[in-house]
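See structure below.
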Amino acid sequence: MLGLRYIQLFLVLVCSILAAAKSAVGSRTLVVFDDRVDDLSTYSDFFNLLKDHEFDVTTLELSDKSTKINLFERDTRLYDHLILFPVKGKHYSKQLAAKKLIRFNENGGNILALTVPQVSSDPIHLYLNQLGIYPSPRTQSLHDLFQDSTDLLFSVDQLENENVYSKTNEKKDELFNFGESVSAALLDNREQIVPILQASKTSFTSGNKSREASWTDGSQGYVIAGFQNLKNTRSTWIGSVKFLSNNHFKQNQDLINELISWTLQEKSVIKATEVSHTHSGDDKVSYDELPYKVTDNVTYTIALTQWDGQKWVPYVSDDVQFELRQIDPYYRITMTAQGPAPQDPASELYSTGSFMLPNRHGMFTFITDYKRSGLSYIHEADIKAIRHLANDEYPRSFEIPNAWVYLASIATVIISFIAFVLFFISTPASLSEGVSTEKKTN
């Protein structure tokens, strides 16, 4: 019986390892912390969770001024992800300035940043301000006088993005514990910002338990916010470091796990694998073979795939749209899913069906601009010239019913003129009578 129990535990362990989600962009992770602010051993459950997700974690302690932070070797990024715990000191500001964080993020590095009201991490604050996230200043923390607990609790109902954390019936009664000291942030109205966890309506942020000169008031504040740039690199800010501590880990584990998965790109990652547009018909003649002209019938298709943590699977949705633009959209068509793509079964094929190009020549953009909060952005654009009709491609007059009356008028004039000439020629001339002339004499 004991041997059977060990076998069962071994099988469960193997299944859990195989089922662990993986990042779609890499596993190299750098954790920056300061022993003077927090003991890293109090976050062992969080680091075990990172290992369960198969991240290759490197820790870097910054209390020693001789410590150097190298995120790049020449132009090559050394890490895929960066986790920033609160750090104090001017040495940190020099080693990891805001412009270095921006460069890291713009070059494909994901960032998870944590702040607390007691420690002023200027580089993190400046970096977040560049994104449009404005955490409360030092010594200003979040208060809620309507909560009996000394620790601030947040419910599932305060979560705002389904692509980051999916609300299910089993999770509707969950509460998340952020500890006593919590920062709240104001958010800009940029499309790239992903609001995640909103503060309660009865809360406020100030240096004391007074609403006077408060940084946030009510639900305008957020304790967790994300940002995704146009290159689909992600950043997440959490306003409490105790949220990840061992004391509250069990209560917050579901949300922590989902935040790691979203920030480090284990979930909500989609991409386009195939984009094409051709002449309608069975032959599907491409633009290169036969350039488009006005009023041609065209079909546009795109294939989308999604990362599920282990592999790429088809991404199925009913709101993927195509646009044909010339400055402004001429057409906006909601595409229909056609099933797995023939060339890539891990992708879902979407099609506009056959549609007629507008009766206007010029440069047009065939574009899919699919942007949903929390999902990777899809922006596939192809600029093509649509020519006007050549001289011999216009329909002849006799093919246009409205021109028949004019053709009939022309034919009538021609026939009348010919009849008149024939009549004039065929009619004999009349003989004129002789006229007598006399010489007048005086």
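Any value given below was found using the heavy atoms of this structure, including those in side chains, with hydrogens, waters and symmetry copies removed.
Taking the six-membered ring for Trp and the full ring otherwise, the centers of Y43 and F85 sit less than 6.0 Å from each other. Ring centers of F249 and F46: at least 6.0 Å apart, outside the cut-off.
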| request: Given side-chain contact (heavy atoms from CB on, under 4.5 Å), test L145 with T202 step by step and report yes or no. | output: CA-CA 7 Å; L145 302 180; T202 56; over 6 Å; no
| query | For V87 and V119, what are the C-alpha separation, side-chain angles and deciding distance, and is it a side-chain contact (heavy atoms from CB on, under 4.5 Å)? | reply | CA-CA 7 Å; V87 179; V119 180; over 6 Å; no
| Step-by-step side-chain contact (heavy atoms from CB on, under 4.5 Å) determination, Y287 to H279 | CA-CA 7 Å; Y287 177 89; H279 289 270; over 6 Å; no
| field | Steps toward salt bridge (charged side-chain N to carboxylate O under 4.0 Å, His left out) verdict (D75, R103) | value | CA-CA 10 Å; D75 291 332; R103 181 191 174 196; 3.5 Å; yes
| request: Would you sort out whether R387 and E393 count as a salt bridge (charged side-chain N to carboxylate O under 4.0 Å, His left out), showing the intermediate values? | output: CA-CA 12 Å; R387 66 176 180 83; E393 291 177 330; 3.0 Å; yes
| What do the steps show when you test F178 against F243 for ring-ring contact (aromatic ring centres under 6.0 Å, His included), and what is the final call? | CA-CA 5 Å; F178 276 65; F243 172 75; 4.5 Å; yes
| message | For T295 and N359: C-alpha separation, side-chain torsions, deciding distance, then whether side-chain hydrogen bond (donor to acceptor under 3.5 Å, both in side chains) applies. | response | CA-CA 5 Å; T295 69; N359 191 11; 5.7 Å; no
| request: Kindly indicate, with the supporting measurements, whether the criterion ring-ring contact (aromatic ring centres under 6.0 Å, His included) is fulfilled by F322 and F355. | output: CA-CA 12 Å; F322 159 78; F355 66 94; 5.6 Å; yes
| field | Check against side-chain hydrogen bond (donor to acceptor under 3.5 Å, both in side chains), D39 and S41 | value | CA-CA 5 Å; D39 185 4; S41 62; 2.7 Å; yes
| Going through the distances and angles, do L259 and I196 end up as a side-chain contact (heavy atoms from CB on, under 4.5 Å)? | CA-CA 9 Å; L259 288 175; I196 298 177; 4.1 Å; yes
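Under 3.5 Å, the side chains of T336 and Q338 contain a donor-acceptor pair of N or O atoms. Side-chain contact check for S317 and Y350: no donor-acceptor pair (N or O, by modelled atom type) lies under 3.5 Å. Between the side chains of S280 and T299, a donor-acceptor pair is found at a separation under 3.5 Å. In this structure, a donor-acceptor pair under 3.5 Å is present between the side chains of N161 and S373. Under the 3.5 Å distance criterion, with hydrogens and angles disregarded, a donor-acceptor pair is assigned to the side chains of Y222 and E160. Using modelled atom types, one finds a donor on one side chain and an acceptor on the other under 3.5 Å when comparing R360 with Q326. Y370 and Y315 share a donor-acceptor pair across their side chains, judged by distance under 3.5 Å alone. Between the side chains of T273 and S347, at least one donor N or O sits under 3.5 Å from an acceptor N or O. Looking only at atom types and distance, the side chain of D144 has a donor-acceptor partner in the side chain of S200 under 3.5 Å away. No hydrogens or angles considered: nothing links the side chains of W262 and T236 as a donor-acceptor pair under 3.5 Å. Checked by atom type, the side-chain pair S181/S141 shows no donor-acceptor distance below 3.5 Å. Q265 and N110 are linked by a side-chain donor-acceptor pair at a separation below 3.5 angstrom, with hydrogens and angles left out of the test. Side chains of N177 and N252: no donor on one and acceptor on the other come within 3.5 Å. For the residue pair E289/S286, the side-chain donor-acceptor check at 3.5 Å is satisfied. Of the N and O atoms on the side chains of D344 and T305, not one donor lies less than 3.5 Å from an acceptor on the other residue.
Between the side chain of T263 and the backbone N or O of I260, no donor-acceptor pair lies under 3.5 Å. Between the N70 side chain and the F72 main chain, no donor and acceptor come within less than 3.5 Å of each other. Judged by distance alone, the side chain of T205 and the main-chain N or O of W215 form no donor-acceptor pair under 3.5 Å. Here the side chain of D296 pairs a donor or acceptor atom with the backbone of K293 at under 3.5 angstrom. At least one donor-acceptor pair closer than 3.5 Å links the side chain of R77 to the backbone N or O of Y79. Side chain of S23 to main chain of L264: a donor-acceptor pair is present (N/O by atom type, distance under 3.5 Å, no hydrogens or angles). Between the side chain of D80 and the backbone N or O of R28, at least one donor-acceptor pair lies under 3.5 Å. A side-chain donor-acceptor contact under 3.5 Å links E348 to the backbone of G339. A distance-only check finds no donor-acceptor pair linking the side chain of S44 to the backbone of T42 [under 3.5 Å]. In terms of modelled atom types and a separation under 3.5 Å, the side chain of D38 and the main chain of L40 share no donor-acceptor contact.
Looking at heavy atoms from C-beta onward, H53 lies in side-chain contact with S261 at the 4.5 angstrom threshold. Looking only at side-chain heavy atoms (C-beta outward), L82 and L84 come within less than 4.5 Å of each other.
Checked options Q192, Q228, H81; the residue passing with R234 is Q228 (criterion: side chain to side chain donor-acceptor pair (under 3.5 Å)).
Between the CG atom in L131 and the CG atom in D188 there is a gap of 10.5 Å [rounded to 0.5 Å]. Between the CD1 atom in I133 and the CD1 atom in I224 there is a gap of 11.5 Å [rounded to 0.5 Å]. Of the inter-residue distances, the one linking L375 atom CG with K267 atom NZ reads 10.0 Å to the nearest 0.5 angstrom. Interatomic distance, CD of E258 versus CD of Q253, reported as 11.0 Å (0.5 Å rounding).
Residues N105 and S235 come closest through the heavy atom pair ND2-OG, 3.2 Å. Residue T233 comes nearest to G108 through the heavy atom pair OG1-CA, 3.4 Å, listed as atom of the first residue, atom of the second, then distance.
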Please list, one pair per line, the donor and acceptor atoms closer than 3.5 Å that link side chains of residues 377-386 to other protein atoms, with sequence neighbours excluded.
| residue | atom | partner | partner atom | Å |
| --- | --- | --- | --- | --- |
| H379 | ND1 | D369 | OD1 | 3.1 |
| D382 | OD2 | H277 | NE2 | 2.8 |

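Both tests do not hold together for K271 against W307: distance to the six-membered ring centre under 6.0 Å, angle to the ring axis within 45°.
Taking the charged nitrogens against the carboxylate oxygens, K167 and E174 have no contact shorter than 4.0 Å, which rules out a salt bridge. Salt bridge K242/E180: absent, no basic N to carboxylate O contact under 4.0 Å. Ion pairing between K311 and D308 holds under the 4.0 Å rule for side-chain N and carboxylate O.
Using cut-offs of 30° and 60° on the angle between ring planes, the pair F366 and Y300 is parallel.
By the 6.0 Å contact criterion, CD on E73 is open, its count of non-hydrogen atoms from other residues, nucleotides or ligands being 12 or less. Residue D319 places its CG atom among more than 12 non-hydrogen atoms of other residues, nucleotides or ligands, all under 6.0 Å distant. Atom NZ of K371 has more than 12 neighbouring heavy atoms from other residues, nucleotides or ligands inside a 6.0 Å radius.
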